[in-house]
2 protein chains.
Amino acid sequence: MYAAPACEAILPAPPQPASDDVEPARVVVPVHPVEPVLHATLNEAVNDAPKRANARCSNCSLRGVCVPADLTAAELEKLDSVVCTTRPVRRGDALFRTHDAFHSIYAVKTGSFKTVVMHRDGREQVTGFQIPGEPLGLDGVCSGRHNCEAVALEDSTVCIIPFAQLESICRESRRMQHYLYQLMSGEIVRESGLMMLLGTMSAEQRLASFLLNLSARFRARGYSGAEFNLKMKREEIGCFLGIKLETVSRMFSRFQRERLVEPSGKQIRIVDPEGLARV
Amino acid sequence: MYAAPACEAILPAPPQPASDDVEPARVVVPVHPVEPVLHATLNEAVNDAPKRANARCSNCSLRGVCVPADLTAAELEKLDSVVCTTRPVRRGDALFRTHDAFHSIYAVKTGSFKTVVMHRDGREQVTGFQIPGEPLGLDGVCSGRHNCEAVALEDSTVCIIPFAQLESICRESRRMQHYLYQLMSGEIVRESGLMMLLGTMSAEQRLASFLLNLSARFRARGYSGAEFNLKMKREEIGCFLGIKLETVSRMFSRFQRERLVEPSGKQIRIVDPEGLARV
DNA sequence: CGGGCGGTTGATCTGACTCAACAACGGTGG
DNA sequence: CCACCGTTGTTGAGTCAGATCAACCGCCCG
């Protein structure tokens, strides 16, 4: 389970020899990226306006994470011409809401998000947490409206990728076309894994899976897989895992007692990953 | 909930004015399609061999269900050139298994399937049931291997759609390209709905949702939405809904007591859909 | 006719929920 | 700087929905 997390695949798992270029080494140090302050002074209106700026996939530190590592220069150039804007989203604000018209998909650039689907009776289910390099909004293609809401867990930025333009790139580049199909298929696989988690696992196993999965995703991005900071609160974790917040808290305590993890508030250190996997 | 089933969307919900052509009227009669006998005499070997035959989307009774209703003649012709084979699958046999190499996606033509993901420790989760017109195998695009196994619930047939060829059609036709993205996105939405079901609903609500969803899907295909035959057994329903077979059975009994449904074995008559939706 | 499978129902048990109290934390204003 | 208050997290006690274990029925099929 530790080596091959079943749920929440690390993006799909496309041809991604990855780490044979300079990128990972450069981002390996910070357990957390420094929170960008550039938008801390922006007011709400400006906050919502996309910012045309250094949003170039060709020199983004996440190249090879949210996009295949081996695109040709021509393909990268086309991507750059489409993915030309980023947008800051403040902690607690929604990037998009359920039933918003769908125009773009997004890639988390910095920070983190949760996606939430809700029932008319008020019931909510968190369907995922997204960290840098991970996609948002793929569920909107189907009906032309977003099916869930994406909320920033901390001050964050996303790259905006207008879907119609992405589609036309994909008609020209076989590689890009296939990658987009892989991305969507990966989301399907991720959700199947979660159905397995929700349908068959005990509360203890759910939390263990969750921690190992997050750990693997952080590691895959060059952050530490052994120690990380959970930006989401216990209630959101519970809502994601299909259990109550008190149960989440109890399971954390149990793991601590059993020397599996060392939680200090939101900061989590995974002490015994094999033990966690055995739960 | 009844009018707009949250989980298991009826294929996505793409531009599908549907019923303004002759198809639905023609298939409206049989609550069950007559089970095709053509392959009942075939032996196992032949059974596995795809059959090149009248697999033409252009005159398939499911046109407008598994493919947009308003494709141009040219687009239909291209589709026909790719979707040229069907394959019978015997009850209990697998169309594909987890880790099989991915080459094609499939559309159920007759019969029905379940898809199952499994954990190395033997835990299983049914991730969906597919009826005629519904797609199978989209989860394989991501890694190039199937992520689940698809098992026929009765003697069935599928249309085989080689994915590489479908991709090249999609590079030529904007409509087809977008439809395929919609199809995959629809699967993502369907699974989100199921996560909501598994994460937040009581056993009673799960079964009610399940029945209403099946009902809507049958209805959308011209079958009766009020009375249908569950090909899957109680255990499979439970494994899909994340509850035990005894609980499924108890909930059926409860629904019968409350005059919501009239089950006689696998044949189900929905008596009070509004009541079911209120559960 | 017998055996096995699928389904139903009852009795008991238990993991997670609910309700409740309290501790720790972070931000705000005096 | 500290006092205060709302939010978030932890822990305990009691309850309940659904799991488990078990008996039994009906049906199909050899």
Side-chain angles (χ1 to χ4, degrees), chain A residues 35 40 90-92 114 122-126 151 153-155 197-211 229-258 260-269 279, chain B residues 35 40 91-92 114 122-126 151 153-155 197-211 229-258 260-268 279:
Chain A
E35 309 228 330
R90 287 270 191 67
R91 176 191 148 92
K114 66 171 174 180
R123 238 194 311 252
E124 294 193 355
Q125 174 72 29
V126 172
V151 177
L153 295 176
E154 58 192 305
D155 291 351
L197 178 143
L198 291 167
T200 73
M201 293 189 188
S202 69
E204 190 178 29
Q205 293 171 325
R206 291 179 200 201
L207 186 61
S209 278
F210 170 68
L211 292 175
N229 194 313
L230 296 178
K231 293 297 181 182
M232 64 295 276
K233 46 187 104 143
R234 299 289 187 262
E235 182 174 8
E236 292 166 325
I237 297 174
C239 193
F240 176 61
L241 298 178
I243 57 187
K244 296 281 128 175
L245 64 137
E246 295 96 327
T247 307
V248 174
S249 186
R250 280 182 232 278
M251 294 306 143
F252 268 122
S253 304
R254 183 183 297 181
F255 287 162
Q256 184 171 25
R257 230 177 303 126
E258 293 169 357
L260 299 175
V261 305
E262 202 66 60
S264 51
K266 293 187 180 264
Q267 190 71 19
I268 301 291
R269 215 165 62 78
V279 159
Chain B
E35 309 227 330
R91 177 190 148 91
K114 66 171 174 179
R123 242 194 309 253
E124 293 194 358
Q125 173 72 28
V126 172
V151 177
L153 296 175
E154 58 192 305
D155 291 350
L197 178 143
L198 291 168
T200 72
M201 293 189 189
S202 69
E204 191 178 29
Q205 294 171 324
R206 292 179 198 201
L207 187 61
S209 278
F210 170 68
L211 292 174
N229 194 312
L230 297 178
K231 293 297 182 184
M232 65 294 278
K233 46 185 108 142
R234 298 288 186 263
E235 183 174 7
E236 291 166 326
I237 296 174
C239 192
F240 177 58
L241 298 178
I243 55 185
K244 295 282 128 173
L245 65 137
E246 293 96 327
T247 306
V248 174
S249 185
R250 280 182 233 277
M251 293 305 143
F252 267 121
S253 304
R254 183 184 299 181
F255 287 162
Q256 184 171 25
R257 231 177 301 128
E258 293 168 0
L260 298 174
V261 306
E262 201 67 63
S264 51
K266 294 188 181 260
Q267 189 72 19
I268 302 290
V279 160

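In the text below, chain A, chain B and the rest are named by the order of the sequence lines, each starting its count at 1.
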Does OP1 or OP2 of D:dG9 have a side-chain N or O of A:Lys266 closer than 4.0 Å?
yes
In this structure, how many angstroms lie between the C1' atom of D:dT8 and the CG atom of A:Asn229, rounded?
14 Å
Got more than 12 heavy atoms from elsewhere within 6.0 Å of CD, B:Glu204?
yes
What is the separation between atom NZ on A:Lys233 and atom C1' on C:dA24, rounded to the nearest whole Å?
16 Å
Any chance you could measure A:Arg206, atom CZ, to A:Thr200, atom OG1, to the nearest 0.5 Å?
8.0 Å
Rounded to the Å, how far apart are B:Lys231 NZ and C:dG6 P?
15 Å
Which heavy atom of A:Ile237 sits nearest a heavy atom of A:Met232, and at what distance?
CG1-CG, 3.5 Å
A:Gln125 to A:Leu198 - nearest heavy-atom pair and separation
NE2-CD1, 4.0 Å
Please enumerate all residues that pass side chain to side chain contact (heavy atoms under 4.5 Å, CB included) together with A:Lys244, with sequence neighbours excluded.
A:Glu246, A:Thr247
Given 3.5 Å as the limit, does a donor-acceptor pair link the side chain of B:Arg234 with the main chain of B:Leu245, or not?
no
Per-nt protein contacts along nucleotides 10-22 of chain D (heavy atom under 4.0 Å; B base, S backbone sugar-phosphate only, - none) come out as BBBB----SSBB-
A:Leu198 CG to C:dA16 P, straight-line distance once rounded to whole Å
13 Å
